[in-house]
Number of protein chains: 2
Amino acid sequence: MAINATQALTAREERAWDGYRRMQSLLSSQLNRQLIQETGLSDADYAILSALLTAPDHRLRGMALRCEVQWEKSRLSHHLGRMQTRGLVLREDCLEDSRGAVFRLTEAGRAAVEAATDDRVAAVRTYLLDLLTPEQLDALTEISGAVLARLAQDDPHRRAVAELARGV
Amino acid sequence: MAINATQALTAREERAWDGYRRMQSLLSSQLNRQLIQETGLSDADYAILSALLTAPDHRLRGMALRCEVQWEKSRLSHHLGRMQTRGLVLREDCLEDSRGAVFRLTEAGRAAVEAATDDRVAAVRTYLLDLLTPEQLDALTEISGAVLARLAQDDPHRRAVAELARGV
DNA sequence: GCGTTATGGTTGACGCGTCAACCGTGTCTT
DNA sequence: AAGACACGGTTGACGCGTCAACCATAACGC
């Protein structure tokens, strides 16, 4: 039918893909729902806040933050806007570059992340890490390394990040 | 600080979780974006349509469809509504149960999925399957099996599906 | 039969994520 | 110095996903 027919999936590949697909979808919704229920913070909130938490002085350029969480810039802008109205984060002008913006963790934001960290780690343990053998942990690391490297290949902007993650 | 402090992540666990998190987020957005660009169908559309495609007579009860894709019922309802206005799918009344609804693939819908299938498989190969060794494929299958089993434990409704996936 | 509860499905509101367009500022070229 | 271009960030529109409330019908208990 098609001129450039792709090789169909083998049974082995089919199992792996199907499993990954299901796991991906259910796991992320489970983790997100649970985090929201227990802490009022979404996965997205948590990503931003913990990036800010580890930053010096709890402040980060928008650019740096974007590089950290790997989001589209408009998504970041929208989300930071909402987080600002919720009092988790504060926007300040950037001195070095008048185009830029600097975002700072508020006291409430700091408290929220710190309160959420334990829940987050516990959930990740419960639904992923504690279920795996050390070999499976390593396999997961290798697999994601390979996939991230491939993704970076298509998007040069992502390359540095992927290499950083692999310890290059 | 906290009374019930969770065991912190080891370096090994940290690597695995961080890798998975990054892979998950970038891979799914890459696959979804690519599918939409090349075929006009989102991941969600594709899931629904391919479920209908494999169903006898290309028709499925809403309930069965929901069980297949594992969505919230309101999500399914909303999405099917949109797909209906796009002419991909048709809603009919259910004879056996007057509460129920039956959804049928339109001709356009059938054509759209079939046209998309190759792109989908190719993308999954490019960004995941072709990057992995057979052992890594199996590891992925085992990992997702373990995670899905754990998730099913919390949600009895999901149990049957998970067991089905493991071939029990 | 009749009231109660469970089930299949829809609706509306609201926050989220993406795209494309835009704005102001820095940078590069000549 | 002037124009062109790149860059950091914002905005608006729109489709998506979730939650809670709802409606109609079916199934159950008495």
Side-chain angles (χ1 to χ4, degrees), chain A residues 24-26 28-37 40-48 59-86 88-104 155-157, chain B residues 24-26 28-37 40-48 59-86 88-104 155-157:
Chain A
Q24 188 279 349
S25 136
L26 295 179
S28 64
S29 73
Q30 167 71 25
L31 290 179
N32 191 35
R33 176 169 29 246
Q34 189 165 329
L35 190 65
I36 288 180
Q37 242 172 1
L41 259 39
S42 69
D43 269 0
D45 298 330
Y46 187 78
I48 297 289
R59 312 160 94 266
L60 231 41
R61 271 292 293 275
M63 205 175 50
L65 200 43
R66 200 159 81 237
C67 172
E68 192 78 25
V69 296
Q70 298 265 100
W71 288 358
E72 313 250 335
K73 58 182 178 176
S74 72
R75 176 182 179 186
L76 185 64
S77 183
H78 281 305
H79 202 82
L80 284 171
R82 287 176 231 126
M83 291 180 76
Q84 198 176 354
T85 71
R86 289 199 284 154
L88 296 170
V89 124
L90 219 61
R91 187 193 187 287
E92 301 169 346
D93 286 341
C94 180
L95 303 177
E96 302 90 5
D97 187 338
S98 352
R99 297 173 296 184
V102 176
F103 296 91
R104 187 159 52 87
D155 179 358
H157 297 298
Chain B
Q24 189 279 350
S25 134
L26 294 179
S28 64
S29 73
Q30 167 71 27
L31 290 179
N32 191 35
R33 177 168 32 245
Q34 189 163 329
L35 190 65
I36 288 180
Q37 243 174 1
L41 259 39
S42 70
D43 270 359
D45 299 329
Y46 187 78
I48 296 290
R59 313 159 96 263
L60 232 42
R61 272 294 291 275
M63 204 175 51
L65 200 44
R66 200 159 81 236
C67 172
E68 192 79 25
V69 295
Q70 298 264 98
W71 288 358
E72 313 250 336
K73 59 182 179 176
S74 72
R75 175 181 180 187
L76 186 64
S77 184
H78 278 132
H79 202 84
L80 284 171
R82 287 175 230 127
M83 291 180 74
Q84 197 176 354
T85 72
R86 290 199 284 152
L88 295 170
V89 123
L90 219 62
R91 187 193 187 287
E92 300 169 346
D93 288 340
C94 180
L95 303 176
E96 301 91 6
D97 187 336
S98 353
R99 297 172 294 184
V102 176
F103 297 91
R104 188 159 51 88
D155 178 359
H157 296 300

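Proteins come first, then strands; the chains are lettered A, B, ... in the order of their sequence lines, and each starts at number 1. Owing to the predicted nature of the structure, the values given are computational and were not obtained by experimental measurement. Basis for what follows: all heavy atoms, side chains included, without hydrogens, waters or symmetry-related copies.
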| message | With a 4.0 Å cut-off on N to O distance, would you call B:Asp45 and B:Arg82 a salt bridge? | response | no

| Rounded to the Å, how far apart are A:Arg61 CZ and C:dT25 P? | 14 Å

| request: Assign each of A:Leu76 and A:Arg99 to its nearest nucleotide of DNA chain C by heavy atoms, then name whichever residue's nucleotide is nearer the 5' end. | output: A:Leu76

| task | Dump the intermediate steps for side chain to side chain contact (heavy atoms under 4.5 Å, CB included) on A:Val89 and A:Arg104, then the final yes or no. | result | CA-CA 6 Å; A:Val89 124; A:Arg104 187 159 52 87; over 6 Å; no

| task | Please work out if B:Arg86 contacts a base, only the sugar-phosphate, or nothing of the nucleic acid, heavy-atom cut-off 4.0 Å. | result | nothing

| Touch check for A:Ser98, heavy atoms < 4.0 angstrom, all strands: base, sugar-phosphate only, or nothing? | sugar-phosphate

| request: Using the side chain to side chain contact (heavy atoms under 4.5 Å, CB included) rule, take B:Val102 and B:Leu60 through it: C-alpha gap first, then chi angles, then the decisive distance, then the call. | output: CA-CA 6 Å; B:Val102 176; B:Leu60 232 42; over 6 Å; no

| request: Please list, in 5' to 3' order, the outermost nucleotides of DNA chain D lying under 4.0 Å from any heavy atom of chain B. | output: D:dC16 to D:dA26

| Modelled atom types, side-chain donor and acceptor of B:Ser29 and B:Asn32, under 3.5 Å | no

| said: Quick test of your reading: applying salt bridge (Lys or Arg N to Asp or Glu O under 4.0 Å), list the pairs with at least one residue in residues 69-80 of chain B, sequence neighbours left out, ordered by first then second residue. | reply: A:Arg33-B:Glu72

| request: Just call it for A:Arg82: base, sugar-phosphate, or nothing, with non-hydrogen atoms closer than 4.0 Å on any strand. | output: base

| said: Under the criterion side chain to side chain contact (heavy atoms under 4.5 Å, CB included), I'd like the reasoning laid out for B:Gln24 against A:Ser28: C-alpha separation, chi angles, the key distance, then a yes or no. | reply: CA-CA 9 Å; B:Gln24 189 279 350; A:Ser28 64; 3.9 Å; yes

| request: With DNA chain C as reference, determine whether B:Lys73 or A:Ala44 sits nearer its 5' end, using the nearest nucleotide of each. | output: B:Lys73

| said: By nearest heavy atom, map A:Ser74 and B:Asp97 onto DNA chain D; which one lands nearer the 5' end? | reply: A:Ser74

| task | Figure out the CD/P separation between A:Glu96 and C:dG26, and round it to whole Å. | result | 12 Å

| Value in whole Å for how far the P atom of C:dG8 lies from CH2 of B:Trp71 | 19 Å

